[in-house]
Amino acid sequence: MNEFSQIGDAELIDELSTLTTQTAKLRARMFDLMAELDRRRTSVV
């Protein structure tokens, strides 16, 4: 018996949707941070 066996489909889909949204936001933030670091690196030269 796994941890998901007691959770309904709607709840699993809702959690997956939440995690997908959070992942997208984190990925966008990561790209923003990398772009800022690149900008700073190139402006120092």
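Note that the numbering runs from 1 along the sequence shown for the chain. It should be emphasised that the depicted structure is a prediction, and the values quoted were computed from it without experimental measurement.
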Quiz item: With distance as the sole test, does Thr23 use its side chain to make a donor-acceptor pair with the main-chain N or O of Leu19 at under 3.5 Å?
Solution: yes

Exercise. May I have the step-by-step check of side-chain contact (heavy atoms from CB on, under 4.5 Å) for Met30 and Leu26, ending in yes or no?
Key: CA-CA 6 Å; Met30 185 176 67; Leu26 288 171; over 6 Å; no

Quiz prompt | CG/Asp38: more than 12 non-hydrogen atoms of other groups inside 6.0 Å | solution = yes

Practice problem: Any chance you could lay out the salt bridge (Lys or Arg N to Asp or Glu O under 4.0 Å) test for Arg29 and Asp32, step after step, and finish with the verdict? | Solution: CA-CA 5 Å; Arg29 181 71 173 155; Asp32 289 345; 5.2 Å; no

Quiz item: Taking atom CZ of Arg41 and atom CE of Met34, what is their separation to the nearest 0.5 Å?
Solution: 10.5 Å

Practice problem: Could you go through the side-chain contact (heavy atoms from CB on, under 4.5 Å) check for Leu12 and Leu16 one step at a time? | Solution: CA-CA 6 Å; Leu12 289 175; Leu16 182 59; over 6 Å; no

Self-check item: Glu15 CD: over 12 foreign heavy atoms closer than 6.0 Å
Solution: no

Quiz prompt | Nearest-0.5 Å distance that lies between atom CG in Asn2 and atom CD1 in Ile7 | solution = 8.5 Å

